[in-house]
Each structure stands twice: as structure tokens, then as C-alpha cells.
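For this chain, numbers begin at 1 and follow the sequence in order. Model, not experiment: these values are computed from the prediction.
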Amino acid sequence: AAGATVSSGAGLALEGTATSSSASAAVEGISISGAVTSSGPITATGVVSVPVGNTAALHGLSLMATGQITATGSGGIALTGSGVPAPAPATQFDLNLIGATISSASGEIKLVGDRVNLATSLNSGTGRTMFVPFTASRSISLGGSNETGVFNLSNAELSQVSASVIVVGGNIYTGGLSVDGAVNINPARAQSLSLINAGAIAQTGALSVNKLNADGGGGVSLMHSSNNLGQLSGRAAAGDFRVNNAGTSGLTIGQVDGISGIQNTGTGFVQVVTGGPLLQTQAVIAPTFKSTSTDGLALTHTGNQIGAFEVSNTSEDIVIKNGVATTLTSIANYDAGMPFARYIQIDNTGAVTVGSVTTQSAQTGLTGATAAVSIKSSGAIEALGAGPHISATNGGSVFLSNTTGNVGASAASHLGLNTDGPVWVDVVSGAANLGMVGTTAQLKHLSASGAINIAGGGANALTIDNAY
């Protein structure tokens, strides 16, 4: 297509292969310097076959400076280049795209090649733009400097793309994916970035994008302190899922590139760090969830299935809804003043085991919505370790309620409460086994269908207003 205009109304497929036995021949499988237009899907596949050690300009598929590719209908564009022998010198690319434009009317644009040079504007409108290597085992790098040994996209190349989602990789690619230099996705051109690999996803360079999906079969570790994210989704089949967003104002666990929430289907944990509030519109499913936040944590999705929590927040509320038996290994709400730490509210379907729940809140309400610490469970509420298990260090109140099982496993294994504030306990079908270790403990209300056992703190005072 040298300077010509090629058009079709029903889709268009271009294929080209160039073969040479010379170690110095410059060849191209396909070279496009004119206009390629179709109202249907467009595919172009260019292949070169040359001896290893060829140092000439080799390109599987080239879009030259005057070339353009346009899909005007609902179809997408798929460009594939291959055959450049590895390791390739700087003059050789499977895809060499230096033309005017590549655009679709919201159909997916997919680029396939082990080495890509992108100096062309790509626009898939409300559709996805996808980048993948030709070789499934090839490592993928974003923002890196290795152009010969890995599939690399620079920040400048990513800045050429306008799309609903920029997708890099897929679940059949096994070489791992790393962010090796600063990557900044302009929200005016693309709101979302989706990183997908059957291997691990990691980073040494900061990542800035409004919405991020990170799907790593071998785990996700995006812990750079300068990451700037607004919304997050992802999956890990093995290892941990870890994301640091500490330098920004807040983060929402949501839906990105069709992936809802965060799932760790292995034995690892999910860890999210953010400099502001941590919210969610989609569920988290994980053996353990760890988080650090400021100005609130609201994990309120009814689909949450989390086996254990390790949570630290400063100021405002911690509100958690969960659908499976869980362990509160460590829940802490610190008070920095204005806004003050207020509530820790746990609403769990299934038993709750309490390791350490601590608040500096001074709230003294005696309902699930107003107590400094509130734990509601459909199963038992029991203790892990020696305790105290629930501490309200500024005289905040504690509200405990369950429908089945004991609060505190037994008289010998009680649930330890450390507060001088008021305490309210309802046990619908079971015993209450409490250890009250506050200096002036106030048991305002205690009801249980089974036995009531209360252990005190030696010479400390205990006031019981209502127990039955």
C-alpha cells in the first residue's frame, strides 16, 4: 500500500511476508504509506524472516509517515508484526508505527509485536486499545529503557493513545509485567489502565492514572510511594495483592476494565495503602485484608468475603461489612483531632474472632451506629490471644451484639474489654463471658440466654446497671 488508498465496506485483511538470506538486507513484511479505510474490521499482519545478526532496518509491519488506518464502523483494528530476530538492534521493530493516525469508531485497537515503536496517534474512542507481545513468554515493561530484550512501552508512547481503557498484556502472557519508569496516563486521553499478566506485576517507577486494574496471576506489588490512583480493581491467583496510594487524597475499590473489586484467590493477602479515605463500590474477596488510610475506611459492600482484617485508620470512621467468618487481627482507629476518630463498626455474617480492636474515639453512644466500637455478628464473638481484645482508650463506648453463639468462648477464655466508657452487650442465644479491665468499668446493659461470667481487674471498680 505504497501511497495508495485502500478501502472496503466489509472488512479488510492485509498480509505480507518478506524473506532474505542476507545479514544486511533491510526488509519489511508490510509497509503502509497511504490510507487504509474500512467500515468493517481491519487486520494487518506483517512477517519478516532474516538471519540472526542482521543489523539493517527490519520491520514486520510499518505505518509510514503519510500512512493512516481508519475503521469507520463498529469493527476494530488488529496490527501484528513478527519475525525480528532477538536480540534486535535499535533499528528493528516488529511494529514500526510512525504514520499520521490509527483510529476506530470505538472498536478495539490491538497491537501485537515483541518490539513496538509507536509515534502515531492512536484513537479508539470509547473502545479499548490493547498492547501485547507476539511471544507469550516475553516480559513486559512500561516506562523502561530496555527496547531490545523486553516488550517496552515508554510514557511518550502511551501518551499517544486515546481510549476508554489502555490494556497492556493478557492472561496468556507469562513473562511478568513491570512499571520500570514514571508512567502518567493523561485522563483527558484515557481514564483507565489495565495491566494483565499470568506472571507477577511489579514496579520501580511511579504510576499515575485515574482508574487502574492490576491482574497478576503471580501476584501484584505496586508499592511505589508516589503512585497516584483514584479507583482500583484487580486479581491475584498466587502471592499477594499490594498497592500503595499513600501520596494522594483517597482511593475507591471499584470496577475497571470489566473487573469488579479485588480478589485474591490464593493464600496471600490484599494490602491497600492510601493517603485519604478508602472506599468501595465493589467487593473484596481475600484470605486477609490489610489497609492504611486517613479520614475513614468504608468497606460496606455486601459481597465482601474476607477471612481476616489488619486495618489502621486515622480520623473519621472505620465501617466494615463482611459475609464470612472472620478474624479481627488488628483494627485501630487513631485520633489526630479535626476530624476526630469516631466509630469502628463491624457488621459480620458469620463468627468473629477478636485479636485487637483499638480506638481513641471518645464517642459514648450505646447503639450499633453510635458506639465508639460496635461489633455485630450472626455467630459467636470470641477472643484471640490474651487481650485486652477491645480497647477504647479515651473512654469510648462498646456495643456487642450477636444472634448465635457465645460472646467470649468461656469463663476461662473471656472477651477482654478495656474502657472506662459504657458497655452494652446482647447475646441472643449463648453465654456472655467478659473480662472488664477498665479502671471504672461501666456495664450499662448485659443480656444473655445462657450463663453470664464477668471477670474484673482486681481493685478496679465495676458498675452494673442492668444484667439478665
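Using modelled atom types and a 3.5 Å distance limit, the side chains of S194 and D257 yield a donor-acceptor pair. Inspection of the N333 and N313 side chains reveals an N or O donor paired with an N or O acceptor under 3.5 Å. Side chains of S62 and S31: no donor on one and acceptor on the other come within 3.5 Å. Under 3.5 Å, the side chains of T126 and S106 contain a donor-acceptor pair of N or O atoms. A side-chain donor-acceptor contact under 3.5 Å links S233 and N213.
Sorted pairs that involve residues 75-91 and meet side chain to side chain donor-acceptor pair (under 3.5 Å), not counting sequence neighbours, are lacking altogether.
Paired with L222 under the rule side-chain contact (heavy atoms from CB on, under 4.5 Å), one option of N245, N244, L212, L229 passes, and it is L212. Under the side-chain hydrogen bond (donor to acceptor under 3.5 Å, both in side chains) test applied with Q271, the options R242, K290, E310 reduce to a single match, R242.
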Identify all side-chain donor-acceptor contacts of residues 373-385 below 3.5 Å with residues at least two apart in sequence or on another chain.
residue, atom, partner, partner atom, Å
S374, OG, G368, O, 3.3
S377, OG, G350, O, 2.7
S377, OG, G379, N, 2.9
S377, OG, G379, O, 3.1
S378, OG, G350, N, 2.7

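Side-chain contact between N117 and I98 is present, with heavy atoms from C-beta onward closer than 4.5 Å. For the pair S291 and L297, the minimum side-chain heavy-atom distance is below 4.5 Å. Residues V243 and V273 are not in side-chain contact: their nearest non-hydrogen atoms beyond the backbone lie 4.5 Å or more apart. Looking only at side-chain heavy atoms (C-beta outward), I77 and L111 stay at 4.5 Å or farther from each other. Side-chain contact check for T274 versus T292: every heavy-atom pair is 4.5 Å or farther apart. Two residues are said to be in side-chain contact when any heavy atoms from C-beta on lie closer than 4.5 Å; V48 and V84 meet this criterion. No side-chain heavy atom of I306 sits under 4.5 Å from any side-chain heavy atom of T288. In this structure the side chain of L177 reaches within 4.5 angstrom of the side chain of V168, judged on heavy atoms.
Listed for the T252 side chain is no donor-acceptor partner under 3.5 Å among the backbone atoms of G254. Checking side-chain atoms of D114 against main-chain N and O of F134 turns up a donor-acceptor pair under 3.5 Å. Under the 3.5 Å distance criterion, the side-chain polar atoms of S315 are matched with a main-chain donor or acceptor of P339. Of the possible donor and acceptor atoms, one in the side chain of Q360 sits under 3.5 Å from a partner among the backbone N and O of D335. The closest donor-acceptor contact from the side chain of N394 to the backbone of G396 lies at 3.5 Å or more, if one exists at all. A donor-acceptor pair under 3.5 Å is formed between the side chain of Q280 and the backbone N or O of H301. Not one N or O on the side chain of S20 forms a donor-acceptor pair closer than 3.5 Å with the backbone of V50.
Under the rule for a side chain to side chain contact (heavy atoms under 4.5 Å, CB included), the partners of A237 that lie at least two apart in sequence or sit in another chain are T265. By the salt bridge (charged side-chain N to carboxylate O under 4.0 Å, His left out) test, E108 pairs with R128, sequence neighbours left out. For R342, the salt bridge (charged side-chain N to carboxylate O under 4.0 Å, His left out) partners two or more places apart in sequence, or in a different chain, are E316, D317. Remark: I185 pairs with L158, I166, V183, A190, L193, V209 by the side chain to side chain contact (heavy atoms under 4.5 Å, CB included) rule, at least two apart or across chains.
A salt bridge does not link K321 with D347: none of the charged nitrogens is closer than 4.0 Å to a carboxylate oxygen.
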Test S121 against Q160 for side chain to side chain donor-acceptor pair (under 3.5 Å), laying out the working first.
CA-CA 5 Å; S121 174; Q160 296 279 357; 5.1 Å; no
Take I140 and N197, measure what side-chain contact (heavy atoms from CB on, under 4.5 Å) needs, and give me the verdict at the end.
CA-CA 9 Å; I140 298 173; N197 202 274; 3.9 Å; yes
Verdict with reasoning, S141 to N152, per side chain to side chain donor-acceptor pair (under 3.5 Å):
CA-CA 5 Å; S141 172; N152 183 62; 3.0 Å; yes
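Rounded to the nearest 0.5 Å, atoms CG (L58) and CD (Q92) are 4.0 Å apart. Interatomic distance, D180 CG to S145 OG, rounded to the nearest 0.5 Å: 7.5 Å. Note that CG of D215 and CD of Q263 are 9.5 Å apart. Values are rounded to the nearest 0.5 Å.
Within a 6.0 Å radius of CG in N171, no more than 12 heavy atoms belonging to other residues, nucleotides or ligands are found.
Under the 30°/60° scheme for interplanar angles, the aromatic rings of F93 and H59 are found to lie parallel.
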